[in-house]
2 protein chains.
Amino acid sequence: MTDHIRYDDARGCLVLLDQRILPTREEYFDCTDTASTIYALQTMVVRGAPAIGVTAAYGCRLALDEVGDGPGWQERLQAKLAELAAARPTAVNLKWAVDLMTALWKDSGEVTPARLADIWLARAKELHAEDIEINKAMGRHGGALMRDGDTIMTHCNAGALATAGWGTALGVIRGALELGRKVRVIANETRPFLQGARLTAYELAKDGIDVTVACDNAVGLLMQRGMVQQVVVGADRVAANGDAANKIGTFTVAVMAKRFGVPFYVAAPLSTIDRNTPTGADIPIEDRTPDEVVFVGATRITPEGVPVYNFAFDVTPGDELIAGIITEKGVLRPPYAASIRRVFAEGAA
Amino acid sequence: MTDHIRYDDARGCLVLLDQRILPTREEYFDCTDTASTIYALQTMVVRGAPAIGVTAAYGCRLALDEVGDGPGWQERLQAKLAELAAARPTAVNLKWAVDLMTALWKDSGEVTPARLADIWLARAKELHAEDIEINKAMGRHGGALMRDGDTIMTHCNAGALATAGWGTALGVIRGALELGRKVRVIANETRPFLQGARLTAYELAKDGIDVTVACDNAVGLLMQRGMVQQVVVGADRVAANGDAANKIGTFTVAVMAKRFGVPFYVAAPLSTIDRNTPTGADIPIEDRTPDEVVFVGATRITPEGVPVYNFAFDVTPGDELIAGIITEKGVLRPPYAASIRRVFAEGAA
């Protein structure tokens with residue numbers, strides 16, 4: 001599944017599969033400018049750290065159409081990029097992509113907006129293709145950790161839909177299957193946005209992968225009964241010490257996994273590791289609209305006037321609870337401060 | 001709130017506030033015979049261990065209307081009572097109430113069905129009234145454990161709606177408020193049936209008690225941030241060693257509470273403690289229809305054809321994770337095998 005993020009060259013717009021209404025209907029959403037790209041990011045037409053990164057890269061290209069080429073276009077562009085980078089606070093891939101495009105611009109000397117548009121579009125398409133290759137490499141490294149017959153629990157959707165395609169956590173599952181290991185999946189439904197029930201179940205079932213949905217509340221019982229052999233999740237940001245922010249509820253899954261001796265893995269490309277964030281305590285946690293909790297479809301589930309918390313992420317302490325961080329460069333092991341430093345040093349060498 | 005379970009003497013039927021459609025609308029459901037009572041129990045028109053007990057007591061009375069007074073009415077009645085007692089497997093109050101009515105019958109010698117009807121209806125009304133008194137006693141004992149300014153997390157609905165009125169866990173909260181301690185409540189939404197979002201929020205807001213709803217996934221983050229000072233939940237069955245079955249997800253809340261040093265209390269009347277169940281491993285866990293997970297109102301949240309787990313309860317190990325079991329006779333403390341033995345011995349003395 002790779003056509004959920006697609007740049008339409010003829011129309012000069014970014015076309016996104018609208019993940020808000022899956023699995024009921026497959027509808028597409030056009031991003032034609034910065035505002036519509038930010039809207040798509042904020043309302044979660046598209047979500048998942050790597051997919052957010054790729055979307056933001058195309059979003060930089062779209063911003064160029066709005067700034068003209070008259071005097072001051074650079075300042076106008078800079079302002080648009082800053083707006084785009086601030087669309088969501090937790091996933092570091094958003095800032096990563098905008099920073100990467102900005103660096104490319106700065107390196108291009110005296111470019112015109114038209115020339116920069118070509119440079120950026122080509123780079124966005126490269127990032128898009130690279131993301132799939134990175135996921136496949138993660139899938140090979142992580143897949144080798146899964147054993148034949150394992151049931152793998154995952155939380156949220158860190159799949160094809162959360163990336164340019166293939167997936168991080170679900171890429172590991174696809175990697176295990178490619179190695180001939182028969183694994184099955186328990187998808188936690190992942191309230192409030194229900195990424196597990198709606199998106200993970202949808203994309204795995206579409207690929208013929210054995211998946212069962214369970215309420216988030218069932219995590220303890222399923223592990224207590226020995227029904228889970230591995231946990232693999234994605235991440236929105238990994239701090240320099242290996243603490244990992246991911247969808248709300250992930251931390252609890254990790255604590256329960258530890259209790260029952262179930263290995264808990266985070267699948268995250270290097271672009272999700274933010275060495276500028278020292279620890280999990282430094283990761284900003286997005287506080288989203290209560291309406292995501294209050295309404296499921298047209299059904300209101302809480303009484304009018306009752307307040308609601310809707311924190312979107314939590315942080316899992318790396319060295320204590322994460323058995324391994326699966327990256328495109330291999331599986332990092334605790335202590336993560338050292339293994340993360342090492343993997344980036346190798347990349348730089 | 002006590003009119004959600006009401007025996008209508010004029011019409012000879014049991015009238016239940018339909019908890020399936022709260023908080024959207026307040027509608028009532030008539031139980032006129034065993035079949036409609038079992039339907040109400042199984043589909044959760046009424047739920048919550050003590051409320052199930054009171055409903056079953058009235059259900060025994062309704063069964064009498066169906067067996068006539070011709071030869072063999074005793075066998076026919078016995079069969080109806082067995083059906084009723086088997087309506088739901090986990091909450092011991094169902095069996096407790098049917099056993100209690102059966103014992104009353106056996107103690108009544110050669111009664112006619114008409115005479116037994118009077119005896120049973122009077123006893124059911126007594127149980128109904130006693131349940132409220134028991135809850136208030138629990139509220140006094142438990143309320144004294146809460147401190148001024150505490151935020152109390154609760155899971156599912158162990159409130160007025162789960163009992164004859166007042167509540168077990170929510171009775172403790174009402175008890176704390178009666179002692180003049182300003183406490184506030186976080187109601188976990190409690191997927192899949194959403195008893196927290198729908199019922200706990202509804203009855204607390206109706207009483208003007210400060211309540212905020214959060215997704216079950218937020219338990220870890222809320223405790224990590226120090227936003228929870230106490231946890232109080234109900235129980236569907238407490239084993240002789242203090243292990244407590246309660247709504248799915250409770251076990252996870254207890255594990256997280258232990259991690260963050262938050263006291264975790266179970267509020268359960270003695271009728272919920274089953275000395276015939278040695279440990280939590282002996283408590284049957286109900287496996288309910290996937291449709292409760294799949295549909296929220298008219299909205300389907302999983303793709304067609306994807307299987308779903310819907311285990312309704314889990315078991316929290318008593319001695320390890322439960323700080324106290326709040327009963328009408330006081331607060332039991334670990335080791336529970338001893339404190340439970342003692343409280344029943346005192347009752348018998």
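Numbers restart at 1 for each chain; the letters A, B, ... are given by sequence-line order, proteins then strands.
Heavy atoms of B:Leu222 lying under 4.5 Å from chain A belong exclusively to its side chain. In this structure, the portions of B:Val211 lying under 4.5 Å from any heavy atom of chain A include both its backbone and its side chain. Both the backbone and the side chain of A:Ala214 come within less than 4.5 Å of a heavy atom of chain B. Residue contact with chain B, scored on non-hydrogen atoms closer than 4.5 Å, involves the side chain of A:Leu194 exclusively. Using a 4.5 Å cut-off between heavy atoms, B:Val294 does not touch chain A at all. Heavy-atom distances place both the backbone and the side chain of B:Ala218 under 4.5 Å from chain A. For A:Glu304, no part lies near chain B; criterion is any non-hydrogen pair under 4.5 Å. Only the backbone of B:Ala298 comes within less than 4.5 Å of a heavy atom in chain A; its side chain stays farther off. For B:Ile186, the part lying near chain A is the side chain, with the backbone staying farther off; criterion is any non-hydrogen pair under 4.5 Å. Using a 4.5 Å cut-off between heavy atoms, B:Pro23 contacts chain A through its side chain alone, with no backbone atom that close. Of the two parts of B:Thr24, only the side chain, counted from C-beta on, holds a non-hydrogen atom closer than 4.5 Å to a non-hydrogen atom of chain A. With a threshold of 4.5 angstrom between heavy atoms, B:Thr299 approaches chain A through side-chain atoms but not through N, CA, C or O.
Between chain A and the residues B:Arg300, B:Met223, B:Glu320, the largest count of heavy-atom pairs under 4.5 Å involves B:Glu320. If you tally non-hydrogen atom pairs under 4.5 Å between each of B:Ala201, B:Pro307, B:Gly305, B:Gly196 and chain A, the highest count goes to B:Pro307. Here A:Pro303 is the residue among A:Gly220, A:Gly249, A:Pro303 with the most heavy-atom pairs under 4.5 Å with chain B. The candidate with the highest count of non-hydrogen atom pairs below 4.5 Å against chain A, out of B:Asp314, B:Val315, B:Val296, is B:Val296.
Using a 4.5 Å heavy-atom threshold, the side chains of B:Thr252 and A:Asn217 count as separate. In this structure the side chain of A:Asp216 never reaches within 4.5 angstrom of the side chain of B:Arg191, judged on heavy atoms. The shortest distance between side-chain heavy atoms of B:Tyr309 and A:Thr212 falls below 4.5 Å. With a 4.5 Å cut-off on side-chain heavy atoms, A:Val255 and B:Lys258 do not count as touching.
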Exercise for the section: Using the side-chain contact (heavy atoms from CB on, under 4.5 Å) rule, take A:Glu189 and B:Val293 through it: C-alpha gap first, then chi angles, then the decisive distance, then the call. Expected result: CA-CA 9 Å; A:Glu189 64 172 9; B:Val293 176; 3.8 Å; yes

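Distance check, rounded to the nearest 0.5 Å: SG of A:Cys215 to CD1 of B:Ile248 gives 8.0 Å. Between A:Thr190 atom OG1 and B:Ile301 atom CD1 the span is 10.0 Å, to the nearest 0.5 Å.
A cation-pi arrangement is absent between A:Arg259 and B:Phe251, since the terminal nitrogen or guanidinium carbon is not both under 6.0 Å from the aromatic centre and inside a 45° cone about the axis.
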